[in-house]
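A quick note: this is a predicted structure, and the numbers were derived from the prediction, not measured.
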Amino acid sequence: MAQSGCWSMIKGGLTVDHDTEAELYFESENSNIEVWVASVSLQPFTRSQWAEQQSKTIAKLRKRKVRFHVGNKQEKMIEGAKITIKQTRPHFPLGCALASTILENEDYQNWFTSRFSFTATTFDNEMKWYFTEKVRAQENYTIADAMLAFAKKHGVSVRAHNIFWDDPTKNSNWVQSLPPEELLKASMTRIRSIMSRYAGEVIAWDVVNENLHFSFFEDRLGPNASSMFYKIAQGLDYKTTMFLNEYNTLEQPGDLKSTPSQYLKKIRQIRSFPGNEEMVVGIGLESHFGKPNIPYMRATLDILAETKMPIWLTELDVERGPNQAVYLEEIMREAYSHPAVKGIIVWSGWKPTGCSNMCLTDNNFNNLPAGDVVDKLIREWKTQHLKGTTDVDGVFEQDVFCGKYSVTVLDPHSGVNLTRQVEVTNKDPHSGNPGRPCKNSAIRHFDGLDNPEWNDFECQFTGLTGKAIKPDKNSLEKRENK
């Protein structure tokens, strides 16, 4: 949507199944203004070209080249050293929502943890206000606490969803019936209660849910209600990102309430509130799709990415139909190939009564077609168990997906072996820019010469940052200076 009185860049896209002429149509509700259009371009792509570009971007964005130099204490490089690489945690969180049914169903637990351990999740309802305080002043976090404990046990990070919901029908009757002064008091109790309980335990807060479409709190507390909530929330957990979570921005170009321009306007409104000027407002895109418009999806992500704020697909599902799995894969590949997207949560918490839109598994925990797609992409976007041998120069080189790894090196001559934990990231350690892919020339050295386990080896990891669990600071500085 263009802005009045200035030039606006408008991006979009469409998919057609046959060659035809195209017309671009511009419309305004104000018949007294002039509409000027300049520098129009329409770039066609075949499906295969689009897919090829996605693959190239994924390789550049999500993978890095790691080089291992293996030598002994005398700086003689070791030929034939055997290296084993095992990924222990992906850098990109591709997770799945959780329902409370996981607490008492061992089959559900096994199905979930075999796929989504060390990723991320969002609870279906169990942190929402209407769930934790069904009756005023009678809070109950028992189920949310148990689900958080389960997630932590399996290395799963949790997005807190949500503190407030601007849809009046998603608030308890007792909340809806409160006069403004009492609603403000109850809201302050709510935000302090849940955030004091889980501050530092979660990776994101959906502060006010769906406040492009609804305005329950604004109508009763004033137009700056949401902005005030964000300020309070940031103060209660300043290390965690506060998210704006909304539907149809990515999936429905015809919904004028939640267009990218409306989303950006809301972010500006939140950040213009006194004290919020430097706030990072995470962009949560619910992503409840029918038939996806992939070119429009990319254009939307491009526009939102200009904010430099982290983007997550927070509740991804696709409506039921014969092409559900096909559409799901198209959406996930497009999201994963976009540099601004930092995580995906598939909205498919299992319940014996069925899922809201999209199930990954049946009640016997056999995958449905959508589940097969998710499994396929998890495998595709993970470095499988790798083994290699250093060459005559003591070097072994491998392309790997970003993430955490356990690396074991064995000297076949002495029989000495060592294992070290390494993190491969897409950060450039020299640029200071956390969003910029690192250069292949970025080098970080590790050794542990005061550790007998490492006395026969020095390891140099080239191309990506590697974080040793117990690096020897003195020897590290010594090698850097050298």
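In the displayed structure, E277 atom CD is contacted under 6.0 Å by more than 12 heavy atoms of other residues, nucleotides or ligands. Atom CD of E104 has 12 or fewer heavy atoms from other residues, nucleotides or ligands within 6.0 Å. Crowding of K351 atom NZ: a count of heavy atoms from other residues, nucleotides or ligands under 6.0 Å exceeding 12. Within a 6.0 Å sphere centred on NZ of K266, other residues, nucleotides and ligands contribute more than 12 heavy atoms.
Of the possible polar contacts, one joining the T121 side chain to the C96 backbone as a donor-acceptor pair under 3.5 Å is found. No side-chain donor-acceptor contact under 3.5 Å links Q234 to the backbone of K231. Between the side chain of N276 and the backbone N or O of M279, no donor-acceptor pair lies under 3.5 Å. A donor-acceptor pair under 3.5 Å links the side-chain atoms of S348 to the main chain of M358, judged by distance alone.
For the pair R62 and W381, the cation-pi criterion (under 6.0 Å, within 45° of the ring axis) is not fulfilled. A cation-pi contact links R298 to W50, judged by a cut-off of 6.0 Å to the six-membered ring centre and 45° from its axis. With W165 as the aromatic partner, K170 meets the cation-pi criteria of under 6.0 angstrom to the ring centre and within 45 degrees of the ring axis.
Contact check for I303 versus L264: side-chain heavy atoms found under the 4.5 Å cut-off. In this structure the side chain of L360 never reaches within 4.5 angstrom of the side chain of L368, judged on heavy atoms. Annotation: side chain of W347 is not in contact with side chain of L316 (no heavy-atom distance under 4.5 Å). Inter-residue side-chain proximity for I331 and L313 is flagged as met; some heavy-atom pair is nearer than 4.5 Å. Counting heavy atoms from C-beta outward, S100 and D124 have side chains that stay 4.5 Å or more apart. Looking at V280 and P310, their side chains come closer than 4.5 Å, going by heavy atoms from C-beta outward. Counting heavy atoms from C-beta on, the side chains of L244 and N211 come closer than 4.5 Å. In this structure, the side chains of T132 and R190 come closer than 4.5 Å at one or more pairs of heavy atoms.
For Y336 and F92, the gap between ring centers is short of 6.0 Å. Side-chain rings of W350 and F112 stay apart, their centers remaining 6.0 Å or farther from each other.
The aromatic rings of Y141 and Y198 stand perpendicular to each other, their planes meeting at an angle above 60°, with 30° marking the opposite boundary.
Heavy-atom minimum distance, A340 versus A305: CB-CB, 3.5 Å. Contact between I163 and I191 at its shortest, heavy atoms only, is CG2-CG1, 3.9 Å. When all heavy atoms are compared, the tightest approach of Q324 to N357 is NE2-O, 3.5 Å. Between G200 and D237 the shortest heavy-atom distance is N-OD2, 3.3 Å. In this structure, E126 and A144 approach most closely via the heavy-atom pair O-CB, 3.5 Å. Contact between T425 and R64 at its shortest, heavy atoms only, is O-CG, 3.8 Å.
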Inset, instruction - Apply salt bridge (charged side-chain N to carboxylate O under 4.0 Å, His left out) to the pair R89 and E423, showing each step before the final yes or no. - result: CA-CA 9 Å; R89 188 183 188 108; E423 183 174 9; over 6 Å; no
Inset, instruction - Give the C-alpha distance, both sets of side-chain angles, the deciding distance and a yes or no for salt bridge (charged side-chain N to carboxylate O under 4.0 Å, His left out) between D145 and R197. - result: CA-CA 9 Å; D145 287 350; R197 193 177 195 91; 2.6 Å; yes
Inset, instruction - Show your working on salt bridge (charged side-chain N to carboxylate O under 4.0 Å, His left out) between R333 and E380 and close with a plain yes or no. - result: CA-CA 11 Å; R333 288 190 182 278; E380 184 178 325; 2.8 Å; yes
Legend entry - Residue pair F164, F229: steps toward the ring-ring contact (aromatic ring centres under 6.0 Å, His included) verdict: CA-CA 9 Å; F164 299 110; F229 289 148; 4.1 Å; yes
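The stretch residues 383-399 participates, sequence neighbours left out, in these salt bridge (charged side-chain N to carboxylate O under 4.0 Å, His left out) pairs: K65-E397, K65-D399, R67-E397. Sequence neighbours left out, the pairs with a member in residues 301-318 that pass salt bridge (charged side-chain N to carboxylate O under 4.0 Å, His left out) are K11-D302. Residue pairs meeting the salt bridge (charged side-chain N to carboxylate O under 4.0 Å, His left out) criterion with at least one member in residues 357-379, sequence neighbours excluded, are R115-D375, E329-K376.
Using a 3.5 Å distance cut-off with no hydrogens or angles, the side chains of T383 and Y405 do pair a donor with an acceptor. A side-chain N or O of T408 and one of T419 form a donor-acceptor pair less than 3.5 Å apart. For Q53 and T57, the side-chain atoms include at least one donor-acceptor pair closer than 3.5 Å.
Checked against W111 for a side-chain hydrogen bond (donor to acceptor under 3.5 Å, both in side chains), the options N105, N364, N367 give a single hit: N367. Between W205 and the options N245, N162, T241, I194, a side-chain contact (heavy atoms from CB on, under 4.5 Å) holds for only I194.
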